[in-house]
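I have placed the structure first, in the form of structure tokens, so that the comments after it can refer back to it.
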Amino acid sequence: MRGFTLLETVIALTLIGLTLSVIFSLLSQGIKIVEDIKGKWEDFTYLDRAVKLGIREGVNIKERELEEYGVKVRIYKKGEMELILLE
């Protein structure tokens, strides 16, 4: 019977350690991305509700007139999310 040498065992453990390190790093990044998307979704749904119900609390509103196009633009902003309406 022949077993594994010490060098083979060390190399195998090193590869397992590197693999687990990469997996946990990717999971951590994935969790951060999901939390960021969740925050943006909450801001978007709040903006959508604010527009539909006419809520101005917690929302920055900018209005502009684009005379060359004959369009009035209203920009609702909360956090990083913007909702643009053309009238």
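On a predicted model such as this, the values are computed, not experimentally measured, just so you know.
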Inset, instruction - If you link ILVMFWY side chains whenever their heavy atoms are less than 4.5 Å apart, which other residues fall into the same cluster as Ile31? By chain and number, please. - result: none
Inset, instruction - Kindly work out whether a path of hydrophobic side-chain contacts (I/L/V/M/F/W/Y, heavy atoms less than 4.5 Å apart) joins Leu53 to Leu83. - result: yes
Inset, instruction - Would you please name every residue forming a side-chain contact (heavy atoms from CB on, under 4.5 Å) with Leu15, sequence neighbours left out? - result: Ile11
Inset, instruction - Under the side-chain contact (heavy atoms from CB on, under 4.5 Å) rule, collect the residues that match up with Leu13, sequence neighbours excluded. - result: Thr9
Legend entry - All pairs passing side chain to side chain donor-acceptor pair (under 3.5 Å) where residues 57-70 contributes a residue, at least two apart: Glu63-Arg74
Inset, instruction - Kindly indicate whether the side chain of Val10, heavy atoms from C-beta on, has any atom under 4.5 Å from the side chain of Thr14. - result: yes
Legend entry - Residue list, side-chain contact (heavy atoms from CB on, under 4.5 Å) with Val59, at least two apart or on another chain: Tyr46, Leu47, Ala50, Ile61, Tyr76
Legend entry - CH2-CE distance between Trp41 and Met81, expressed to the nearest 0.5 angstrom: 9.0 Å
Legend entry - Glu80 side, atom CD; Asp36 side, atom CG - distance, nearest 0.5 Å: 6.5 Å
Inset, instruction - Would you give the length of the straight line joining atom CD1 of Ile75 to atom CG of Leu86, rounded to the nearest 0.5 angstrom? - result: 9.5 Å
Inset, instruction - State plainly whether one hydrophobic cluster holds both Val73 and Val51, where clusters connect Ile, Leu, Val, Met, Phe, Trp and Tyr through side-chain heavy atoms under 4.5 angstrom apart. - result: no
Inset, instruction - Hey, could you give me each pair passing side chain to side chain donor-acceptor pair (under 3.5 Å) that has a residue in residues 19-34? Not counting sequence neighbours. - result: none
